[in-house]
Amino acid sequence: MEVRTRFAPSPTGFMHLGGVRTALYNYLYAKKNHGKFILRIEDTDQERYVEGATDVIYDTLRACGMEWDEGPDKGGDYGPYVQSERKPLYLPYAKQLIEKGAAYYCFCTKEELDERRAAAEARGEVFKYDKHCLNLSKEEVQAKLEAGTPYVIRMNCPTTGESTYDDEVFGHLTFPNDTLDDMVLIKTDGMPTYNFANVIDDHLMGITHVMRGMEYLSSTPKYNMLYNAFGWEIPQYVHLTTVMRDAHHKLSKRDGDAYYSDFIDKGYLKEALINYLALVGWNPGDDREFFTMDELIEAFDIKRLNNAPGIFDTDKLTWFNAEYIRKLPFDEYLKMVTPWFDKALAGKQFDYKRLAELMQSRTEVFNRVPDMVRFLVEMPEYDLDLYNNKKMKTNPDVAKESLTLVKPVLEGIEDWSEANIHDTVMAAIAESGKKNGAVLWPLRIAISGLASTPGGAFEIAYLLGKEETLRRLNSSMEKLSKDA
Ligand code: GLU
């Protein structure tokens with residue numbers, strides 16, 4: 001039998017990382033088994049619908065390399081793939097259930113329900129629909145329908161006994177039936193609820209494996225009752241644990257760590273994000289950590305999905321990201337880093353190519369780049385203490401001497417190329433009998449104001465240009481003679 005999985009997002013805004021991971025596992029499983037990955041848009045809750053959200057879903061999946069085999073914009077044999085466009089097909093199925101006694105019309109108004117809910121809560125009970133309308137006679141129902149009374153259709157759940165099913169991740173599960181409520185299948189506006197539509201659509205679309213968030217674990221017995229009432233085969237269930245920030249906190253919109261786009265905007269690479277996300281909740285069974293999409297497909301196995309919450313550790317992601325950035329072809333890195341250079345350096349002429357060469361191995365996340373290169377346009381305030389370096393045997397006094405030596409050497413350089421700066425300064429150091437570090441450490445501090453920089457004294461002098469290098473050198477020497 002062909003494996004058919006589906007990703008069924010609701011177009012409510014940005015793509016949550018948990019959603020991206022659900023899509024990923026569905027995609028991997030389908031591809032691994034040479035099956036089909038289906039995209040279905042679940043927009044039956046029109047109040048939560050956000051304009052443009054479907055495009056965000058398409059763009060995110062495509063950017064990550066998860067192309068679907070069937071879907072709204074692609075078609076397929078089981079369309080339409082947008083639930084609102086399927087609206088007319090749900091009611092006849094609900095009517096079949098009514099015929100079978102597995103569902104019933106309910107005419108209770110919102111006010112009546114609110115009143116009964118408040119009363120139940122006052123008694124300290126959790127409100128469950130009380131099957132009030134199940135007791136209406138056929139004639140009463142008919143009369144109300146003819147009078148055009150607004151209605152919903154509810155499922156008629158058993159109140160005794162228990163329900164069980166097997167989940168690939170959570171194992172054998174049992175739920176007492178008295179916890180099940182007579183959920184709404186068709187709403188007053190004629191739209192199906194998610195609870196109904198997911199069953200109808202998964203069946204009609206031939207879905208073999210339902211992989212979705214674990215928030216649906218406890219409703220699944222009700223879905224199974226619907227499958228059984230229709231006499232349909234129940235798909236295999238693979239419920240996924242929630243992606244968490246830590247043991248107690250979910251990823252949150254407010255903290256800016258919930259959405260795929262939050263991370264892309266900060267300058268994480270999608271390949272690194274996908275690689276890491278795959279490992280939040282799944283492991284390959286060995287110590288491999290780096291995977292291309294094809295390698296993930298090859299390695300993926302639902303038996304290795306974890307039933308403990310997946311902790312999304314941003315530091316670990318950052319580590320992955322740095323590794324991915326290091327491996328980028330240089331031209332690609334240059335293209336990607338350029339706008340981040342511009343944020344700090346725009347308007348000034350710098351050799352971006354040289355700067356990029358110096359920055360690539362130091363870039364962990366692109367949004368950290370502007371702060372790392374800003375010193376090129378803005379000499380930071382620094383403390384003379386920076387000249388103290390045990391290893392280089394330097395201190396402010398040594399610095400003063402070294403800078404006095406190197407200043408005329410730099411002034412005399414005509415061709416301000418990096419190689420020439422290097423050769424000229426190194427020759428002068430050799431001639432002076434000083435140690436390289438005793439000159440180069442103070443020089444780098446004097447022209448950058450930082451203990452750590454991309455590149456050393458020569459690279460920075462080259463990037464700054466002769467005029468700016470000498471200007472900084474002079475002002476640092478003044479600072480030394482004033483304060484030291
Ligand atoms: N539309 C549901 C959601 O976005 C999908 C759940 C499912 O995959 O069945 O949560």
Side-chain angles (χ1 to χ4, degrees), residues 3-30 35-50 52-58 60-61 66 68-72 78 80-87 90 155 165 167-170 173 183-185 187 191-227 232 234-244 250-251 253 258-260 277 281 302 305 310:
V3 165
R4 291 175 59 85
T5 66
R6 87 304 193 271
F7 178 50
S10 303
T12 54
F14 296 111
M15 280 275 277
H16 195 277
L17 283 184
V20 176
R21 194 192 61 169
T22 300
L24 177 64
Y25 290 161
N26 274 290
Y27 174 79
L28 295 176
Y29 191 68
K36 295 279 188 309
F37 171 58
I38 289 117
L39 176 63
R40 180 172 78 221
I41 300 296
E42 301 205 325
D43 60 347
T44 56
D45 190 348
Q46 299 278 319
E47 278 167 30
R48 289 176 62 221
Y49 182 82
V50 173
T54 306
D55 287 327
V56 173
I57 294 165
Y58 293 165
T60 308
L61 294 181
M66 296 185 247
W68 47 101
D69 299 296
E70 299 167 25
Y78 303 85
Y81 292 88
V82 177
Q83 279 180 335
S84 59
E85 292 170 21
R86 300 168 69 78
K87 182 177 172 187
Y90 301 104
M155 179 178 175
Y165 70 96
D167 183 88
E168 293 286 344
V169 175
F170 289 89
L173 298 165
M183 63 185 185
V184 172
L185 304 177
K187 299 183 274 191
M191 273 287 192
T193 55
Y194 162 78
N195 288 325
F196 191 44
N198 90 87
V199 171
I200 303 297
D201 290 345
D202 284 342
H203 170 72
L204 294 180
M205 294 181 180
I207 302 301
T208 56
H209 293 73
V210 169
M211 257 186 243
R212 64 180 163 213
M214 65 179 284
E215 60 273 26
Y216 298 100
L217 268 178
S218 62
S219 323
T220 298
K222 291 187 283 196
Y223 308 149
N224 289 342
M225 287 171 192
L226 295 176
Y227 282 101
W232 294 341
I234 294 175
Q236 267 187 299
Y237 290 113
V238 188
H239 284 98
L240 305 168
T241 58
T242 310
V243 179
M244 305 280 287
K250 291 193 175 180
L251 299 175
K253 187 155 93 179
Y259 296 131
Y260 171 82
L277 259 185
I302 40 183
L305 287 170

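Ligands are counted one by one from 1 in listed order, and the atoms in each one are counted from 1 as well.
- Contacts between Tyr216 and ligand 1, counted as non-hydrogen atom pairs separated by less than 4.0 Å, involve the side chain only.
- Note: Tyr237 and Tyr165 have perpendicular aromatic rings, judged against thresholds of 30 and 60 degrees for the angle between ring planes.
- Close approach to Arg6 involves these atoms of ligand 1, each under 4.0 Å from a residue heavy atom: 7 (C), 8 (O), 9 (O).
- A cation-pi arrangement is present between Arg4 and Tyr78 under the rule of less than 6.0 angstrom and at most 45 degrees off the ring axis.
- Side-chain contact between Lys222 and Leu185 is absent, with no heavy-atom pair separated by less than 4.5 Å.
- Regarding atom 6 (C) of ligand 1, its nearest protein heavy-atom neighbour is Tyr194 OH, 3.3 Å.
- Listed by chain and residue number, Tyr194 satisfy the ring pair (Phe, Tyr, Trp, His ring centres under 6.0 Å) test with Tyr216 (two or more places apart in sequence, or in another chain).
- Shortest contact from atom 5 (C) of ligand 1 to any protein heavy atom: Ala8 O, 3.0 Å.
- For Lys187, there are no salt bridge (Lys or Arg N to Asp or Glu O under 4.0 Å) partners, not counting sequence neighbours.
- Distance from atom 1 (N) of ligand 1 to its nearest protein heavy atom, with residue and atom name: Glu42 OE1, 2.6 Å.
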